[in-house]
Amino acid sequence: MTNTILSFSLIDAEFRNTGLERSENLAKDLEWFKDQGHNIPEPSDPGVCYAGFLEDLSEKDPQAFICHFYNIYFAHSAGGRMIGKKVAEKILDKKQLEFYKWDGDLPLLLQNVREKLNKVSEGWTREEKNHCLEETDKSFKYSGDILRLILI
Ligand code: HEM
């Protein structure tokens with residue numbers, strides 16, 4: 001328990017305000033879509049379900065939480081950017097959405113977070129590291145369910 005509390009304090013200290021956060025930019029994009037006459041739907045089941053799952057992990061399982069943290073932010077900056085570019089080319093007249101703009105140099109922001117991830121995980125036991133890695137399946141499953149909404 002003490003270890004868990006320590007891990008959460010470290011996560012709080014290291015992984016807030018990394019510059020990778022997307023919520024504000026996403027909110028701007030939603031406003032833009034609204035201005036274009038689109039209806040902004042309520043969050044659908046896969047998103048609500050994943051958000052609830054992450055909130056739960058954030059209170060009780062730091063290693064698993066960090067796995068999702070890594071995958072989400074790094075996926076958006078890698079494959080996500082490629083998908084965003086394709087979508088912009090095909091249906092947005094090449095408009096670059098705010099979601100794909102980062103304040104500052106993205107490779108540098110990513111490198112900073114990579115270093116922090118390595119630093120935090122140095123304090124973990126082999127079992128805790130394995131636990132973090134094994135969470136990858138769930139990370140892809142939950143994000144995949146959200147990604148598949150694009151097909152509807
Ligand atoms: C249609 C689905 C997806 C496509 C087309 C895709 C595509 C890609 C591509 C092309 C890269 C390499 C980018 C580069 O080398 O710069 C990448 C990296 C990555 N993807 Fe995906 N991806 C998809 C889904 C996902 C999902 C669901 C996750 C997990 C939530 C994920 C997590 C990652 C991570 C962690 C990286 C490594 C980023 C890094 O090392 O900086 N991807 N993806």
Side-chain angles (χ1 to χ4, degrees), residues 4 7-8 10-30 32-33 38 40-152:
T4 305
S7 286
F8 276 127
L10 204 56
I11 288 171
D12 251 4
E14 300 284 15
F15 298 116
R16 278 191 195 275
N17 303 317
T18 60
L20 297 182
E21 294 77 15
R22 299 292 79 209
S23 305
E24 282 177 22
N25 292 37
L26 179 61
K28 285 183 198 159
D29 287 333
L30 290 176
W32 182 80
F33 279 112
H38 294 286
I40 307 302
E42 288 301 308
S44 47
D45 285 352
V48 174
C49 178
Y50 194 17
F53 178 76
L54 288 175
E55 268 177 33
D56 200 36
L57 281 189
S58 76
E59 282 164 16
K60 54 182 195 218
D61 192 339
Q63 285 76 27
F65 182 79
I66 281 291
C67 176
H68 292 269
F69 173 95
Y70 163 71
N71 275 299
I72 291 170
Y73 287 117
F74 282 67
H76 286 321
S77 74
R81 270 198 313 158
M82 295 183 190
I83 295 169
K85 192 159 170 257
K86 264 280 179 257
V87 170
E89 277 167 19
K90 297 276 182 194
I91 59 171
L92 298 177
D93 208 11
K94 298 199 180 156
K95 175 192 161 62
Q96 193 193 11
L97 293 172
E98 295 300 315
F99 191 86
Y100 300 106
K101 294 178 191 166
W102 283 260
D103 276 341
D105 183 42
L106 180 60
L108 195 62
L109 296 176
L110 293 170
Q111 189 50 30
N112 284 340
V113 174
R114 234 178 247 124
E115 282 168 15
K116 287 178 180 185
L117 287 166
N118 287 337
K119 190 174 125 196
V120 166
S121 65
E122 274 170 20
W124 292 349
T125 62
R126 183 65 259 168
E127 287 69 29
E128 287 171 332
K129 288 178 186 173
N130 289 348
H131 181 56
C132 176
L133 293 171
E134 282 158 9
E135 190 72 9
T136 306
D137 271 0
K138 277 189 212 156
S139 172
F140 273 76
K141 162 86 178 56
Y142 278 106
S143 289
D145 286 349
I146 294 175
L147 199 57
R148 261 186 290 278
L149 291 171
I150 209 171
L151 299 173
I152 294 173

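Just so you know, residue 1 is the first one in the sequence shown, and it goes up from there. None of the values given here were measured: they were computed from a predicted structure. For ligands, and for the atoms within them, numbers begin at 1 and follow the listed sequence.
Using 4.0 Å as the threshold, Leu147 has a heavy atom nearer than that to some atom of ligand 1. The closest approach between a heavy atom of His68 and any atom of ligand 1 is not below 4.0 Å. Between Tyr142 and ligand 1 there is no heavy-atom distance shorter than 4.0 Å.
A donor-acceptor pair under 3.5 Å is formed between the side chain of Glu21 and the backbone N or O of Gly19. Side chain of Asp29 to main chain of Leu97: no donor-acceptor pair is present (N/O by atom type, distance under 3.5 Å, no hydrogens or angles).
When each atom of ligand 1 is checked for a heavy atom of Tyr70 under 4.0 Å away, the hits are 35 (C), 37 (C), 40 (O). Using a 4.0 Å cut-off to heavy atoms of Asn71, the atoms of ligand 1 that qualify are 30 (C), 35 (C). Here is the list of ligand 1 atoms found below 4.0 Å of a heavy atom in Ser143: 27 (C), 30 (C). Atoms of ligand 1 found under 4.0 Å from any heavy atom of Arg114, numbered from 1 in the order shown, are 41 (O).
Few gaps surround NZ on Lys116; more than 12 heavy atoms of other groups in view lie less than 6.0 Å from it. The environment of CG in Asp45 is sparse: at most 12 heavy-atom neighbours from other residues, nucleotides or ligands sit within 6.0 Å.
Distance from atom 28 (C) of ligand 1 to its nearest protein heavy atom, with residue and atom name: Phe140 CE2, 3.3 Å. Scanning all protein heavy atoms for the shortest distance to atom 32 (C) of ligand 1 gives Ala75 CB, 3.3 Å. When hydrogens are left out, the protein atom nearest atom 4 (C) of ligand 1 is Ile83 CD1, 4.2 Å; that is the closest non-hydrogen contact. Residue, atom and distance of the protein heavy atom nearest to atom 39 (C) of ligand 1 are Phe74 CD2, 4.0 Å. Summary of contacts: the protein heavy atom closest to atom 19 (C) of ligand 1 is Ala78 CB, 4.0 Å.
Of the residues listed (Tyr70, Phe65, Tyr73, Phe69), the one engaging Phe15 in a ring pair (Phe, Tyr, Trp, His ring centres under 6.0 Å) is Phe69, and it is the only one.
Across all non-hydrogen atoms, the minimal contact from Thr18 to Leu109 is O-CD2, 3.6 Å. Minimum interatomic distance between Gly123 and Glu128 (heavy atoms only, all atoms of both residues): O-OE1, 4.3 Å.
Annotation: side chain of Tyr50 is in contact with side chain of Ile72 (closest heavy-atom distance under 4.5 Å).
In this structure, of Lys86, Gln111, Met82, the residue bringing a heavy atom nearest to atom 14 (C) of ligand 1 is Met82. In this structure, of Ser139, Gly79, Pro107, the residue bringing a heavy atom nearest to atom 21 (Fe) of ligand 1 is Gly79.
Salt-bridge formation is not detected for the pair Glu122/Lys119: no Lys NZ or Arg NE/NH1/NH2 atom is positioned less than 4.0 Å from an Asp or Glu carboxylate oxygen.
Inspection of the Arg114 and Asn118 side chains reveals no N or O donor paired with an N or O acceptor under 3.5 Å.
The protein does not reach atom 23 (C) of ligand 1 closely, with no heavy atom under 4.0 angstrom from it.
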